[in-house]
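Report on the following structure.
Source: prediction; values computed, not measured.
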Amino acid sequence: MTPQELAAQIARILSTIIDGRALDDDASLTVTEADTQVERPRNRDHGDWASNVAMKFAKRLGENPRVLAEQVATEIAAIDGVASAEIAGPGFINITLDAASAGETARVIVTEGSQYGRGAALEGQHIHLEFVSANPTGPLHLGHTRWAALGDSLSRVLRAAGAEVTNEYYINDAGAQMDKFGRSVLAAALGEPAPEDAYPGEYIHELGAKVLEQIPDLAAQAAEDRAAALSLAQEAAYQQQLAEIKDSLERFNVHFDVFFSERTLHTAGADGTPSPIEGSVDRLREQGHVYEDDGAIWVRTTTFGDDKDRVFTRGNGIYTYFAADAAYYLSKKDRGFGEKIYLLGADHHGYVGRLTAIAGAAGDDTERDITALIGQLVNLNGAKLSKRAGNIVELDDLLEWLGSDALRYWLARYPADSPLSLDGEKLRSRTNDNPVFYVQYAHARTRAVDRNAEAAGIDRSAFEPAQLTHDTETELLGKLQQYPAIVAGAADLREPHRIARYLEELAADYHRWYDNCRVIPQGEDPVTDLHRTRLWLNDAAGQVIRNGLDLLGVSAPERL
RNA sequence: GCCUUGGUAGCUCAGUGGAUAGAGCACCGCUCUCCUAAAGCGGGUGUCGAAGGUUCGAUUCCUUUCCAGGGCACCA
């Protein structure tokens, strides 16, 4: 009996009861499983699961919660697998399961394997997830790591809930920043002094050297035609930098389905069709949201809650960044995505109003079709990192220093809107200070037990869940049963950190169980069905930790 | 000024209207002839920033307010 099944049963019971009252109550009350979700009481004296439906519905039925609870509890107690259902406090129904019914979960988990915890709550949804989208004018650094870890984990969680998700990286490969980047690299390659506004950082010189390798006669070309040489150098540096970014992301176990080039938005079709940007201003104009003022072309974004209208085309005829944003949004819409999620740093939260307005101007539902997740920036030992300042801490350096697992886990275990500090010393320490080790250790323990069990001749030929009665066993089983709801909740709220927090609790329950309940008999004691049954539970715990870590993009090692 | 996100134990932080608000760290003890002691067990700590409101019930929702971070371009 899983909590989901229990909730479904309670929904049926409550519906029947309410139908019986409908004679003298015209209120049309419908009961959904969302209303009848049971929760795990903090205090185990309150049973395995608790329901608050009596308090929720008593008022709408005009009844005393405890009286309603009494009636519901009687029905619950009659469910197969339920040992008791008792009324407590203002109207809680505390439910205790038969040990066999609770223990059955262990076998379910082992049978379902990597599928355990996956659901269909978001089935049919085609979600677009854009994150990182760092300019290809430099290496990924600390400022990008949080979104990389969070975005990749979020997409895994959404997929686990049944959604179809496309991870996309928007490459800002057009515009003034790219020009500046090109000039910086060209100067470095030719050994010239850096331009006034050049990008700082040693990597510019490294890129310059690589460009020179590819174009040995760059100096001669520059002497002949500076603009052409600049263009060549810029393109070579861009391709090199983008390749390095992709490489870093792969090593961070972050996967993108699409790298979307901003240039394609500026490029007209070979057959003379207008560029996506040109096309988008016309499309917005058709919707009636475009006007001209003072030589510029504006979009009336204030219609959709933006705090000011935005310029699409400047007085000098050049498109603004907003124009590209609008065209990009329309591209996502045209490609058939429903919800478009943007992961943005708090330093970009001023964009939310205009992005939302674009969705509205495009005729989309600003509530349903666009989501902006704003996150706080990462600190490193208290010092915030800025690319402009030149003191770059690169993702590659962090990976080498801390490893992908520790970094991924740490970045994913906090809510996005919570400030986060990366403490290198803590992340390198192999103690409880570093929760990824705690969780991975629990997993490695399950594998060690599995290996030792096999060596001791303990197999899974018996499964007697009624024997799983130790306090630590009911705790562990209860935790394992919660996993599908945790995944569904994390997906629904777009909060992958809930997976990490859950895993830490699960690991603690597993460690406690390990210390109290042996899978392998001591000394000359015989192997019993209890040991065999516990092997199922051990494997179930390992499976769930593995499934959860996978959602975070963190490995589940066989040994530590 | 406007928008936005925080304020929870000594520290770092969890906590999607429920019962006595939790974890790790730090501090003091305890547990390995036996599956990994990178573990477990025991010991105490809170005006949930403040004040109102909604509710059977508020750390959670609403309003006001104090403090802190971030943002408010015909930049990208």
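- In the interface, the side chain of A:H349 is paired with the base of B:G70 through a donor and an acceptor atom under 3.5 Å apart.
- If you check B:A19, B:U36, B:A14 against the side chain of A:R501, the one that comes closest is B:A14.
- Note on A:E505 versus A:R40: no salt bridge recorded, every NZ/NE/NH1/NH2 to OD/OE distance being 4.0 Å or above.
- In the set B:A73, B:C35, B:G18, B:G18 carries the atom at the smallest distance from any side-chain atom of A:F92.
- If you check every strand for non-hydrogen atoms under 4.0 Å, A:A50 touches a base.
- A:N172 comes within 4.0 angstrom of no nucleic acid atom, judged by non-hydrogen atoms across all strands.
- Residue contacts for A:F437: at a heavy-atom cut-off of 4.0 Å it reaches no nucleic acid atom on any strand shown.
- The partner of B:C13, taking Watson-Crick or G-U wobble pairs whose two distances both stay under 3.5 Å, is B:G22.
- Checking the phosphate oxygens (OP1, OP2) of B:G40, a side-chain nitrogen or oxygen of A:Y438 falls inside 4.0 Å.
- Glycosidic conformation of B:C32 is syn; the angle stays within 90° of 0.
- Within 4.0 Å of A:R512, counting heavy atoms only, lie sugar-phosphate atoms of the nucleic acid but no base atom.
- Using a 4.0 Å cut-off between charged side-chain N and carboxylate O, A:D197 and A:R183 make a salt bridge.
- A:P435 comes within 4.0 angstrom of no nucleic acid atom, judged by non-hydrogen atoms across all strands.
- Computed from coordinates, the A:R534 CZ to B:C35 P distance equals 15 Å when rounded to whole Å.
- Of the candidates B:C56, B:C35, B:A19, the closest approach to any side-chain atom of A:M55 belongs to B:C56.
- Among A:Q481, A:E39, A:Q37, the single residue meeting the side-chain contact (heavy atoms from CB on, under 4.5 Å) criterion with A:W49 is A:Q481.
- Computed from coordinates, the A:E475 CD to B:G40 P distance equals 14 Å when rounded to whole Å.
- Within 4.0 Å of A:A296, counting heavy atoms only, lies at least one base atom of the nucleic acid.
- Between A:R498 and B:U16 there is a side-chain N or O to OP1 or OP2 distance below 4.0 Å.
- Phosphate proximity of B:G18 to A:H46: absent, as no side-chain N or O sits under 4.0 Å from OP1 or OP2.
- Close to B:C35, at under 4.0 Å from its OP1 or OP2, lies no side-chain N or O of A:N538.
- The shortest distance between the side-chain N/O atoms of A:K56 and the OP1/OP2 oxygens of B:G57 is not below 4.0 Å.
- Nucleic acid contact for A:Y514: base, since at least one base atom lies under 4.0 Å from a heavy atom of the residue.
- Between A:R532 and A:D529 there is a salt bridge, since a side-chain N of the basic residue sits under 4.0 Å from a carboxylate O of the acidic one.
- Contact annotation: A:R354 does not reach the phosphate of B:A73 (side-chain N/O to OP1 or OP2, under 4.0 Å).
- The local environment of CD in A:E454 is sparse, with at most 12 non-hydrogen atoms from other residues, nucleotides or ligands closer than 6.0 Å.
- One can find a donor-acceptor pair under 3.5 Å joining the base of B:C74 and the side-chain atoms of A:D294.
- Note on A:A174: only backbone sugar-phosphate atoms sit closer than 4.0 angstrom, heavy atoms only; bases stay farther off.
- At the heavy-atom level, A:G523 lies nowhere under 4.0 Å from the strands shown.
- Base engagement by A:A444 is indicated by at least one non-hydrogen atom pair under 4.0 Å involving a base atom.
- Put simply, A:K59 has a side-chain N or O that comes within less than 4.0 Å of OP1 or OP2 on B:C56.
- At a threshold of 4.0 angstrom between heavy atoms, the contacts of A:P521 with the nucleic acid are absent.
- Using a 4.0 Å heavy-atom distance criterion, A:F322 is classed as making no nucleic acid contact.
- A distance cut-off of 5.5 Å between ring centres, combined with a plane angle under 30°, leaves A:H348 outside any stacking arrangement with the base of B:G71.
- With sequence neighbours left out, A:R447 forms a side-chain contact (heavy atoms from CB on, under 4.5 Å) with A:H443, A:D450, A:R451, A:R546, A:E558.
- Below the 3.5 angstrom threshold, one finds no donor paired with an acceptor across the side chain of A:D347 and the base of B:G70.
- Counting non-hydrogen atoms under 4.0 angstrom, A:S418 reaches the backbone sugars and phosphates but no base.
- Comparing A:D492 and A:A508 along RNA chain B, the residue whose closest nucleotide (by nearest heavy atom) sits nearer the 5' end is A:D492.
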Taking it one step at a time, do A:D539 and A:R460 satisfy salt bridge (Lys or Arg N to Asp or Glu O under 4.0 Å)? CA-CA 10 Å; A:D539 291 350; A:R460 297 204 205 100; 2.5 Å; yes
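- Checking B:A19, B:C13, B:G15 against the side-chain heavy atoms of A:E495 singles out B:G15 as nearest.
- Nearest to the side chain of A:A88, among B:G15, B:A19, B:C35, sits B:A19.
- The partner of B:A39 is B:U31, by the rule that a Watson-Crick or G-U pair needs both atom distances under 3.5 Å.
- Sorted by first and then second residue, the salt bridge (Lys or Arg N to Asp or Glu O under 4.0 Å) pairs with a member in residues 411-421 of chain A read A:R413-A:E504; sequence neighbours excluded.
- Atom-to-atom, CG of A:D325 to P of B:C74 comes out at 14 Å; the value is rounded to the nearest Å.
- Partner assigned to B:C75 is none, using Watson-Crick or G-U wobble distances below 3.5 angstrom.
- Atom CD in A:E558 sits roughly 13 Å away from atom P in B:U36 (whole-Å rounding).
- Centroid-to-centroid, the aromatic rings of A:Y342 and A:H348 stay 6.0 Å apart or farther.
- Listed nucleotides B:G22, B:U12, B:G70 differ in distance to A:R42; the shortest reach to its side chain belongs to B:G22.
- Here A:D179 lies out of heavy-atom contact (under 4.0 Å) with every strand.
- A straight line from CZ of A:R310 to C1' of B:G71 spans 11 Å, rounded to a whole angstrom.
- For A:N94 against B:A19, a side-chain-to-base donor-acceptor contact under 3.5 Å is present.
- As rounded to whole Å, 17 Å separates atom P of B:G57 from atom CZ of A:R66.
- For A:R445, whose side chain is taken as the heavy atoms from C-beta onward, the closest listed nucleotide among B:G18, B:C35, B:A37 is B:A37.
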